[in-house]
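Have a look at the structure below, then the notes.
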Amino acid sequence: MTFRKSHPLIKIVNSTLVDLPSPANLSVNWNYGSLLGLVLVIQLVSGIVLATRFSGHSDISFDSVISIYQDSNYGWLLRLVHSTGASFFFLFIYLHIGRGLYYGSYIYPEVWNIGVLIYLILMGTAFLGYVLPWGQMSYWAATVITNLLSAIPWLGSILVEWVWGGFAVGNPTLTRFFALHYLLPFVVTALVILHIFYLHLYGSSNPLGVSSNTNKVSFHYYYSVKDLYVYFVFFFIFMFFTLKYGYSFMDAENFIPANPLVTPTHIQPEWYFLFAYAILRSIPNKLGGVLGLVLAVMVLFLFSISSTQLLFSGTIYSPLARLTFWSLVSVFFLLTWLGSCPAESPYTEVALASTIAYFSLMV
Amino acid sequence: VILLTNQLKMGKGFGNLAYVRNQIWFTLSPYEQRPFAKAIKTGLPNTLRRITEEAPYVLPPLLLGYAIYSWTTSEAHRRSRKEYQAIHGGGH
């Protein structure tokens with residue numbers, strides 16, 4: 001037997017990236033998984049190097065970010081890569097989930113549920129990371145989101161003070177957020193390995209939504225080269241975006257050091273949380289808003305529970321399902337835009353209608 | 001690790017996928033074909049066909065979403081006008 005099939009460690013790599021039977025008809029929508037793996041590695045490497053230069057104390061963290069820019073070798077590039085990488089991570093994960101919804105990938109329940117769990121932990125990681133620079137938006141986003149815990153009946157206020165490590169967001173909060181932000185990506189990595197393991201038990205789905213067991217090719221060279229090609233395209237777009245529009249996703253408020261006495265006029269999260277933020281604000285009741293926020297993501301778990309193994313999976317064989325899918329995409333865009341609008345009329349009414357539409361379409 | 005790799009191998013490796021009878025392969029040597037044959041002549045009309053087949057499902061929801069965005073923006077602008085605020089009462 002050849003070395004790559006006999007060596008105890010190399011044969012794992014072989015069965016994942018070389019001799020893996022893959023459907024012959026995978027489209028570009030199947031590239032997002034490997035792209036997510038690439039962006040995860042980029043975030044891990046850039047994040048760990050940034051962590052060697054960052055100080056996690058509220059008195060000096062803002063200044064340590066400035067020092068990363070001015071004193072560290074290529075610190076400015078690392079910081080921009082890390083912040084742009086987070087945006088691309090969410091772009092690809094939304095495209096990946098969209099692919100899953102469109103082509104019915106939720107018929108693999110373990111793969112799907114682990115994927116939703118990865119998404120949830122990723123959202124937590126991104127939120128924690130955003131707090132670290134200790135700018136105005138960092139501080140006030142932390143205040144808004146941690147205060148959501150107080151909506152929990154009976155335990156709420158104790159829970160919030162426990163998370164804060166005090167009576168408000170402060171240095172203990174920043175310290176533990178840094179520790180968690182460092183830890184969670186490794187949890188994500190472990191879950192990704194499980195996600196891929198379960199996927200390879202079933203084999204990848206394909207755009208036709210039928211079994212591809214009669215038409216498989218080996219992953220290498222077909223999809224290793226295809227993935228590599230898309231990596232180059234991604235690299236070009238990513239570096240172009242990072243170097244030319246690196247600040248386009250940053251909130252101007254976050255260039256001001258955190259001030260507990262001054263509230264920004266428009267507190268809003270990064271673009272990838274805006275749809276959930278719009279759902280949160282559209283429900284007038286505090287607990288209702290928090291439940292809406294949580295359910296907006298948890299509703300994804302319902303797909304694997306309700307689906308059965310179909311001969312033809314996905315929306316491509318049902319015109320109504322395809323219309324529903326694209327309506328969901330449209331509502332998602334609307335909610336993202338509404339999350340950035342002030343909480344005034346007519347935005348609030350449209351946000352409420354969009355929230356109802358979102359849950360109706362999902363269900 | 002050993003159990004993992006055995007499962008991966010035995011579960012869905014080549015040779016364990018499907019039983020197919022009477023496979024007949026027809027193939028053409030790469031030296032006897034043009035690599036980009038009909039790429040524009042057939043490829044472009046086919047691309048347009050694939051786009052137009054998807055368009056009735058993609059465009060209506062997105063256009064409706066844009067219409068809602070457009071209306072909401074102009075309505076917000078109208079409600080911030082002095083005349084509207086004088087009739088309906090200003091303030092948040």
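Just so it is clear: chains get the letters A, B, ... in the order the sequence lines come, proteins before strands, and each one is counted from 1.
Heavy-atom distances place both the backbone and the side chain of Ser345(A) under 4.5 Å from chain B. There is no contact between Val13(A) and chain B, counting heavy-atom distances below 4.5 Å. Interface remark: Val20(B) contributes side-chain atoms only to the contact with chain A (heavy atom separation under 4.5 Å). Within the 4.5 angstrom heavy-atom criterion, atoms from both the backbone and the side chain of Leu323(A) approach chain B.
Highest contact tally toward chain B, considering only Ser212(A), Gly203(A), Ser218(A), is held by Ser218(A) [criterion: heavy-atom pairs under 4.5 Å]. Note: Pro21(A) leads Ser330(A), Pro21(A), Ala353(A) in heavy-atom pairs under 4.5 Å with chain B.
Ring-plane geometry between Phe275(A) and Tyr94(A) is classed as perpendicular, the angle between the planes exceeding 60 degrees on a 0 to 90 degree scale with a lower cut at 30. Using cut-offs of 30° and 60° on the angle between ring planes, the pair Tyr84(B) and His88(B) is parallel. Classified by interplanar angle (parallel below 30°, tilted 30° to 60°, perpendicular above 60°), the ring pair Tyr32(A)/Phe92(A) is parallel.
Heavy-atom neighbours of chain A within the stretch residues 23-54 of chain B, taken at a separation under 4.5 angstrom, comprise Glu53(B), Glu54(B). Of all residues spanning residues 61-74 of chain B, those with a heavy atom less than 4.5 Å away from chain A's heavy atoms are Pro61(B), Leu62(B), Gly65(B), Ile68(B), Tyr69(B), Trp71(B), Thr72(B), Thr73(B), arranged by number.
Every residue was checked against the side-chain contact (heavy atoms from CB on, under 4.5 Å) condition with Ser80(B), not counting sequence neighbours, and none meets it.
Inter-residue side-chain proximity for Tyr198(A) and Trp112(A) is flagged as unmet; no heavy-atom pair is nearer than 4.5 Å. Between Asp19(A) and Arg4(A) the shortest side-chain heavy-atom distance falls below 4.5 Å. Looking at Ile279(A) and Phe359(A), their side chains come closer than 4.5 Å, going by heavy atoms from C-beta outward. Residues His200(A) and Ile196(A) are in side-chain contact: their nearest non-hydrogen atoms beyond the backbone lie under 4.5 Å apart.
For the pair Tyr358(A) (side chain) and Ala296(A) (backbone), a donor-acceptor distance under 3.5 Å is present.
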Sequence neighbours left out, cut at 3.5 Å: what donor-acceptor pairs do the side chains of residues 335-342 of chain A make with other protein atoms?
from	atom 1	to	atom 2	distance (Å)
Thr336(A)	OG1	Phe332(A)	O	2.8
Ser340(A)	OG	Trp337(A)	O	2.6

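Atom CG of Asn25(A) is separated from atom CG of Asn206(A) by 4.0 Å, given to the nearest 0.5 angstrom.
If you look at Phe273(A) and Phe90(A), their ring centroids are closer than 6.0 Å.
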